[in-house]
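Notes follow the structure.
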Number of protein chains: 2
Amino acid sequence: MIKPTESELEILGILWSKGPSTVRVVNDELSLKRRVGYTTTLKLMQIMTEKGLLRRKKDSRNHIYFPVAKEDDTKNAMIQRFIDTIFDGSATRLVMQALGNHETTPEELEKIKELIREKEGGEK
Amino acid sequence: MIKPTESELEILGILWSKGPSTVRVVNDELSLKRRVGYTTTLKLMQIMTEKGLLRRKKDSRNHIYFPVAKEDDTKNAMIQRFIDTIFDGSATRLVMQALGNHETTPEELEKIKELIREKEGGEK
DNA sequence: TAAAAACTACGAATAATTTCGTAAATCATA
DNA sequence: TATGATTTACGAAATTATTCGTAGTTTTTA
């Protein structure tokens, strides 16, 4: 699976949350966070299409872009890479460190416990 | 906190696991995984020193390099960035996705549960 | 102590990523 | 239908990251 660059990831994030979108929409969204020219966003999305990260369909004058890979698959691949480079391949170490140093509400802890029960039990 | 590049992270990883080391030691270790010239590693470590990622002390002919920031602090900062870009700031989402898609032994699950108990209970 | 070996400094080439200007095409509307 | 607004294509500049060669210094050892 192709590794998106930092900027590409921003764009994927927007497409995941907003669904298939035009360059205009993505650029507007990006512009909320930082200054970025329209053609910059356009070029990036064209490159992502070449790389196979995005596909697009024509809609009159515009192109509507959408990610090729599923959000979950992409995120899992990224977690895997992250774990491999930083945590020596151990997902547990990542989880421990993430849990150990971030605020979590009781509800969130409950959800995690539930997930663990499922993994332990086979069925919940 | 400065964000290390991919290559810089490799070097940090080696220094974390082997302790303060010379360029030679780091380069030998890197070379186990891929071809890399000695002066490449040297230059990288010099740049990292300029950036403030590493410090070094002179030891006769050599320099001995070591990370400025603690391993845990660096990893936490990286997790934070990862969470912010990919999981919308939610550590729980990262944990859920990491747990949901990676093999974990019962022992590991037990360790995680223990950590959760501590977080819930205040004291264990 | 002279030659060889190992090390540092540093400039610069290469590669990857991000940015944007310009030209041409498409579409809306005056 | 022609003017203006929006979009696409594309080359190339700017920036950042990686790689390495060469020169000069220090240390080892024959």
Side-chain angles (χ1 to χ4, degrees), chain A residues 1-15 18 20-67 74 78 81-82 85-86, chain B residues 1-15 18 20-67 74 78 81-82 85-86:
Chain A
M1 183 169 283
I2 294 169
K3 178 182 183 174
T5 66
E6 200 69 20
S7 305
E8 289 171 348
L9 209 51
E10 275 187 283
I11 291 174
L12 284 177
I14 291 171
L15 291 175
K18 299 187 87 81
S21 308
T22 60
V23 174
R24 173 63 56 197
V25 168
V26 171
N27 185 252
D28 284 353
E29 190 71 14
L30 279 180
S31 300
L32 297 179
K33 303 231 160 192
R34 57 192 181 78
R35 210 191 65 69
V36 55
Y38 177 85
T39 54
T40 300
T41 304
L42 169 67
K43 180 68 168 185
L44 268 176
M45 291 175 74
Q46 285 171 340
I47 290 172
M48 290 172 76
T49 304
E50 279 174 25
K51 285 190 187 175
L53 285 170
L54 301 184
R55 262 201 265 285
R56 64 187 196 183
K57 58 182 170 48
K58 199 105 205 275
D59 175 63
S60 75
R61 161 168 61 170
N62 304 339
H63 282 133
I64 300 196
Y65 290 81
F66 53 96
T74 303
M78 299 200 59
R81 242 186 299 262
F82 193 71
T85 25
I86 321 280
Chain B
M1 184 170 284
I2 295 169
K3 178 181 183 173
T5 68
E6 200 70 20
S7 305
E8 289 171 347
L9 209 51
E10 275 188 283
I11 291 174
L12 283 177
I14 291 171
L15 291 177
K18 300 187 86 78
S21 308
T22 60
V23 175
R24 173 62 55 196
V25 167
V26 172
N27 184 252
D28 285 351
E29 191 71 14
L30 279 180
S31 300
L32 298 178
K33 304 230 160 191
R34 58 193 181 77
R35 210 190 66 68
V36 55
Y38 177 85
T39 54
T40 301
T41 304
L42 169 67
K43 180 69 167 184
L44 268 176
M45 291 174 74
Q46 285 172 341
I47 290 173
M48 290 172 76
T49 304
E50 280 174 25
K51 286 190 187 175
L53 286 169
L54 302 183
R55 262 201 265 285
R56 66 187 193 181
K57 58 182 171 46
K58 199 108 207 264
D59 175 65
S60 75
R61 160 167 64 171
N62 304 339
H63 283 132
I64 300 198
Y65 289 81
F66 52 96
T74 303
M78 298 198 60
R81 243 187 298 262
F82 193 71
T85 24
I86 320 280

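Each chain gets a letter, A, B and so on, in the order its sequence line appears, and its residues count up from 1.
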A/E50 CD to C/dT17 P, in whole Å, measures 13 Å
By nearest-heavy-atom nucleotide on DNA chain D, the more 5' of B/T41 and B/K51 is B/K51
Side-chain contact check for A/T5: nearest option of C/dC20, C/dT17, C/dT8 is C/dT17
Rounded to whole Å, NZ of A/K3 lies from P of C/dA16 at a distance of 14 Å
Taken to the nearest 0.5 Å, the spacing of B/D59 CG from B/I64 CD1 works out to 4.0 Å
B/K33 and B/E10 ion-paired at < 4.0 Å:
no
Quiz item: Does the side-chain contact (heavy atoms from CB on, under 4.5 Å) test come out yes or no for B/V23 and B/H63, once each step is laid out?
Solution: CA-CA 8 Å; B/V23 175; B/H63 283 132; 5.9 Å; no
Rounded to the nearest 0.5 Å, the CD1 atom of B/I47 sits from the CD atom of B/E8 at a distance of 7.5 Å
Taking C/dC7, C/dA9, C/dT19 as options, the one with an atom nearest any side-chain atom of B/Y38 is C/dC7
From NE2 of A/H63 across to C1' of C/dA25 the rounded distance in Å is 12 Å
Closest to the side chain of A/L44, out of C/dA9, C/dT17, C/dT18, is C/dT18
One should read off an interatomic distance between A/L53 CG and A/R55 CZ, to the nearest 0.5 angstrom, of 11.0 Å
Rounded to whole Å, CE of B/M48 lies from P of C/dA9 at a distance of 16 Å
Distance col, row B/D28:CG vs B/Y38:OH, nearest 0.5 angstrom, shows 9.5 Å
d(A/S21 OG, A/L15 CG) to nearest 0.5 Å is 5.5 Å
Note, DNA chain D 5' to 3' with Watson-Crick or G-U pairs under 3.5 Å encoded as ( ), [ ], | and . gives ||||||||||||||||||||||||||||||
Nt span of DNA chain D in reach of chain B heavy atoms at under 4.0 Å, 5' end first, is D/dA17 to D/dT27
Taken to the nearest whole Å, CD/A/E6 to P/C/dT19 is 11 Å
To the nearest angstrom, the CG-P distance between A/L42 and C/dA23 comes to 17 Å
- Would you say the side chain of B/F82 lies within less than 4.5 Å of the side chain of A/M78, judging by non-hydrogen atoms? yes
Query raised in the report: Tell me, do B/Y65 and B/T49 make a side-chain contact under 4.5 Å, heavy atoms counted?
Result: yes
Between B/L12 and B/P4 the two heavy atoms that sit nearest each other are CD1-CG, 3.9 Å
What residues 21-37 of chain A contributes to the DNA chain D interface at heavy-atom separation below 4.0 Å is A/V23, A/R24
- Task: Say whether, by atom type as modelled, one donor and one acceptor occur between the side chain of A/T40 and the main chain of A/V36 under 3.5 angstrom.
- Result: no
Between A/N62 and A/T39, whichever has its closest DNA chain C nucleotide further toward 5' is A/T39
Between NZ of A/K43 and C1' of C/dA23 the distance, given in whole Å, is 14 Å
NZ (A/K3) and CD (B/E6) are apart, to the nearest 0.5 Å, by 4.0 Å
Looking for any heavy atom pair under 4.0 Å, which part of the strands does A/Q46 touch: base, sugar-phosphate only, or nothing? base
Q.
Taking any heavy-atom pair under 4.0 Å as a contact, classify B/T40: base, sugar-phosphate, or nothing.
A. base
